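Read through the structure below, which is laid out as structure tokens, and then see the notes.
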Amino acid sequence: MAEPAVFGRPAISYVFGTSFAREQERLALGELLWDPGTTSRLAALGIGPGTRCLEVGVGHGSIAGWLAEQGAAVTAVDIDISRALWLRQHGISLHEADVLRDGVPGTGYHVVHARLVVQHLANRRDAVRRMVAALRPGGHLVLEDTDTATTLATADGVLRPRVRDAAYTVMAESGYHPRCGLLDVDLAVAAGLVDVRAEGRAEVVTGGTPQGRWFALWLEHLRPAMVGRGLVSEAEVDAALADLADPEVRWLSQVMITVVGRKGGDEQAA
């Protein structure tokens, strides 16, 4: 959702790299929430037969699978490929590696895509430069990361702001950047891309839906750390989870910011 692999781990390990029993479900629900917007933006790049694509941070593999369905030749990489092994049955080249430590698998890609990856990295600038280096001239880098300004916003204010803020405090301690969607624009420009453009999208989420459960599992995953650090009580988390399960409650997601930039040069010469 490729929801995130973490390349170039910060001093504190990746916040979702735990033994949380429902992580597979959380990843699948995240794909349900974010995939429609991602695939529409990738489709605009003309993905099809002959397109060489690299998916960085393959996660459960939905976007890599979609790219292959369009006829693209797909390579995917993650530090943990255990949840994406099914991709090999669809002709996708799957690599378990840390991009900053091991390098990017292959070069000459038409499209390199990473969703919910850069925001978790310690060395974001180097990671983006390595992705750009893997592109052929004229190829496109697509970065998707979130801005948390709207998370759990409702018509009456923010839903359970203490719990929301506690969750982001725990994530920030592991190197997460809460405004990385905007930062990606600067990273793309600094890496030498041209024609850089960006847009944001937020989803209206209803309690009790599969998309709503993604937010509930986010809090469940972080609950031990939030409560253990004394940021919130068990009762506060329980109250937030009850709200997220209520079909009468609606809220805004994070803003998913898609940044697209092109590598300069003559594609025909690559």
Side-chain angles (χ1 to χ4, degrees), residues 1-5 7 24 27-97 99 102-118 127-128 130-145 184 188 191 193-199 201 256-270:
M1 71 131 198
E3 185 164 346
F7 306 113
Q24 182 84 359
L27 289 174
L29 293 174
E31 291 175 342
L32 187 64
L33 177 64
W34 298 118
D35 278 7
T38 294
T39 55
S40 69
R41 283 149 183 82
L42 290 173
L45 296 177
I47 305 292
T51 307
R52 296 189 64 230
C53 298
L54 172 65
E55 180 72 6
V56 178
V58 68
H60 183 251
S62 64
I63 294 301
W66 179 88
L67 291 167
E69 288 175 357
Q70 312 315 301
V74 183
T75 299
V77 61
D78 202 316
I79 58 168
D80 179 2
I81 61 172
S82 62
R83 296 184 177 92
L85 294 176
W86 64 273
L87 292 173
R88 286 177 171 160
Q89 302 172 23
H90 300 271
I92 293 171
S93 178
L94 191 61
H95 299 259
E96 186 165 279
V99 169
D102 305 316
V104 174
T107 58
Y109 294 105
H110 296 95
V111 175
V112 175
H113 173 250
R115 186 176 74 191
L116 301 176
V117 170
V118 177
V128 172
R130 286 174 180 253
M131 294 181 210
V132 171
L135 287 168
R136 64 189 297 156
H140 289 87
L141 175 65
V142 182
L143 299 176
E144 295 191 290
D145 286 295
D184 283 347
L193 294 177
V194 298
D195 301 331
V196 175
R197 60 188 186 276
E199 62 170 336
R201 65 186 188 275
M256 180 70 78
I257 297 179
T258 302
V259 177
V260 181
R262 180 174 59 82
K263 187 172 185 177
D266 181 4
E267 186 171 3
Q268 299 303 314

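Worth saying up front: this structure is predicted, and the values here are computed from it rather than measured.
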* **Audit row: Thr107, Arg52, side chain to side chain contact (heavy atoms under 4.5 Å, CB included) steps and yes/no** => CA-CA 9 Å; Thr107 58; Arg52 296 189 64 230; 5.8 Å; no
* Structure fact -> Distance col, row Arg197:CZ vs Arg262:CZ, nearest 0.5 angstrom, shows 10.0 Å
For [X] and [Y], work out which heavy atoms get closest and say how close.
X: Pro36; Y: Thr39; result: O-OG1, 3.2 Å
X: Ala76; Y: Val58; result: CB-CG2, 3.7 Å
X: Val117; Y: Gly57; result: CG2-CA, 3.9 Å
X: Ala64; Y: Leu87; result: CB-CD1, 3.9 Å
X: His95; Y: Ser93; result: NE2-OG, 2.8 Å

* Asp102 side chain to Ala97 main-chain N or O, any donor-acceptor pair under 3.5 Å? -> no
* Asked: Is it true that a side-chain atom of Arg130 and a backbone atom of Val99 form a donor plus acceptor pair closer than 3.5 Å?
  -> yes
* Asked: Can a donor-acceptor pair be found between the side chains of Ser62 and His60 at a distance below 3.5 Å?
  -> no
* Would you say the side-chain atoms of Thr38 and Arg201 include a donor-acceptor pair closer than 3.5 Å? -> yes
Name the residue from [options] that meets the side-chain contact (heavy atoms from CB on, under 4.5 Å) definition with [X].
X: Val142; options: Val56, Val112, Leu45, Asp184; result: Leu45
X: Cys53; options: Ile47, Thr75, Ile92; result: Ile47
X: Leu94; options: Asp78, Leu85, Val74; result: Leu85

* side chain to side chain contact (heavy atoms under 4.5 Å, CB included) between Val104 and Leu54, intermediate numbers included -> CA-CA 9 Å; Val104 174; Leu54 172 65; 3.2 Å; yes
Would you say the side chain of [Y] lies within less than 4.5 Å of the side chain of [X], judging by non-hydrogen atoms?
X: Ile257; Y: Val259; result: yes
X: Thr51; Y: Gln70; result: no
X: Leu143; Y: Thr258; result: no
X: Val77; Y: Glu55; result: no
X: Met131; Y: Val118; result: yes
X: Leu116; Y: Glu144; result: no
X: Asp35; Y: Ile63; result: yes
X: Arg83; Y: Leu27; result: yes

* To do: Please lay out, stage by stage, how Glu96 and Ile79 fare under the test side chain to side chain contact (heavy atoms under 4.5 Å, CB included).
  => CA-CA 5 Å; Glu96 186 165 279; Ile79 58 168; 5.7 Å; no
* So, are Arg115 and Glu31 salt-bridged, with charged N and O less than 4.0 Å apart? -> no
* **Lys/Arg N to Asp/Glu carboxylate O, Lys263 vs Asp195, below 4.0 Å** => no
* Do His113 and Leu42 pass the side chain to side chain contact (heavy atoms under 4.5 Å, CB included) test, and can you show the C-alpha distance, the side-chain angles, and the key distance before you say yes or no? -> CA-CA 9 Å; His113 173 250; Leu42 290 173; 4.2 Å; yes
